[in-house]
Amino acid sequence: MNPTITAFERSPDRGNGLARDMRVRWALEEVGQPYEVRLLSFKAMKEPAHRTLHPFGQIPTYEEGDLALFESGAIVFHIAERHAGLLPGDAHARARAITWMFAALNTVEPPIFERSLAMILERDEPWYEQRLGALEDSIRKRLGDLSRHLDDGDWLDGAFSAGDLLMVTVLRRLNGSGMLEEHPNLAAYVARGEARPAYKRAFEAQRAVFTAASS
Ligand code: GTB
C-alpha cells in the first residue's frame, strides 16, 4: 500500500512549495515511491484525529501501514533509509550525508525560518528593523560558511543526498531576498536541486493542490 502524507488544503505560500510537505514529496519522488495525500484545513490540523498523528497539530505527517510519523526531517530520513538513492551505501559517506540533514534543519533553517516569521508577524513592532537586521546577519554568516564549504562542488558531499534535498528546501525560502545571489555557487546549487525531475514532479503536485483550491 502506498504511504499517505498530509499537506495544507490551501497553502499560505500559494503553491510556491515552501510548506514542509514539499521536502517529503520530493524525497518520495526521488526514490520512485508513489504516495497519497490527505489535505487538511488549519482547523482539521488541530482536531484530535490529526493530533493522534501529529502532537503539535501540524503538517506534514506520514502513514505507512501501522507506522505514523511526523517531523519532515524524520520522514525524509525514514524514506531515505528504506529506499536506495538518497543516502550513500558507504558507512562514512552515509553518516556525513545524515550530518548534512541535521545541519540543514538545525543550523541553517532556524534563522531563515525566523526571518520569514518576523516578516509576517513582527512587521509593526518598533524593534522590527533591528530584529530583521540581526536575523539577516545570522543568515549571511551561515550562507558564507556554506558557500565556502560547497566551493565549486555540485552537492554538499559527493553525490546528491537527502542532505542536499533538505538544504535546498531550506535555502529556497530565501528566494526573492537577494541573499542567495550574494553567493553565486549557492544560487546555482539551489537551481541545480530545482532542476531535478523529481523536484519538478513534487513541485507541480503541490502547486496543483493550490490551483484546484483557488478555482
Ligand atoms: N518541524 C516541523 C517539521 O519539519 O515537520 C515543522 C512543521 C511545520 O512547521 N508545519 C507547518 C504547519 O503545519 C507547515 S510548514 N503550520 C500550521 C500550524 O502550525 O498551525 C511551515 C510553513 C508554513 C507556511 C509557509 N508559507 O506560507 O510560506 C511555509 C512553511
Side-chain angles (χ1 to χ4, degrees), residues 3-30 35 37-64 67-81 86 98-123 132 135-136 139 142 162-180 190 193-194 199 202-214:
T4 298
I5 68 167
T6 51
F8 283 129
E9 184 177 76
R10 194 183 172 88
S11 180
D13 73 356
R14 308 181 61 79
N16 276 317
L18 297 176
R20 288 182 172 111
D21 58 296
M22 177 62 201
R23 49 186 68 161
V24 174
R25 291 173 183 270
W26 185 8
L28 288 164
E29 292 288 353
E30 285 286 347
Y35 60 98
V37 184
R38 190 166 63 252
L39 301 175
L40 296 174
S41 64
F42 277 91
K43 182 169 172 286
M45 263 179 250
K46 306 302 173 199
E47 284 169 3
H50 184 64
R51 282 191 190 269
T52 61
L53 298 174
H54 198 309
F56 305 112
Q58 296 184 310
I59 60 99
T61 57
Y62 176 96
E63 292 154 80
E64 181 191 354
L67 173 69
L69 297 174
F70 62 98
E71 282 298 329
S72 58
I75 298 169
V76 169
F77 183 49
H78 172 77
I79 295 164
E81 280 214 306
L86 285 174
I98 294 167
T99 299
W100 279 113
M101 295 178 69
F102 278 87
L105 302 184
N106 283 2
T107 302
V108 181
E109 184 165 52
I112 294 178
F113 193 66
E114 283 299 312
R115 173 180 176 272
S116 303
L117 279 188
M119 289 172 73
I120 298 166
L121 302 175
E122 295 169 354
R123 217 169 247 288
L132 191 67
L135 287 169
E136 292 188 345
I139 294 169
R142 296 300 187 218
D164 296 295
L165 184 151
L166 290 177
M167 192 66 83
V168 168
T169 62
V170 164
L171 295 178
R172 279 194 72 241
R173 194 167 254 282
L174 291 172
N175 282 346
S177 72
M179 279 187 275
L180 268 183
V190 171
E194 291 173 336
Y199 175 93
F203 185 87
E204 289 311 323
Q206 63 77 40
R207 204 206 334 238
V209 173
F210 183 78
T211 306
S214 312

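Predicted, not measured: the structure shown is a model, and the values here were computed from it. One-based numbering, in listed order, for ligands and for the atoms of each.
Ligand 1 lies under 4.0 Å from heavy atoms of F8, P12, D13, L18, A19, R20, F42, M45, K46, Q58, I59, P60, E71, S72, R173.
Annotation: side chain of L40 is not in contact with side chain of H54 (no heavy-atom distance under 4.5 Å). Contact check for F203 versus W26: no side-chain heavy atoms found under the 4.5 Å cut-off. At least one side-chain heavy atom of V170 sits under 4.5 Å from a side-chain heavy atom of R23.
Scanning both residues, R172 and G17, for their nearest heavy atoms gives NH1-O, 3.0 Å.
Residue R14 places its CZ atom among 12 or fewer non-hydrogen atoms of other residues, nucleotides or ligands, all under 6.0 Å distant.
The pair E114-R142 does not meet the salt-bridge criterion, since no charged nitrogen lies less than 4.0 angstrom from a carboxylate oxygen.
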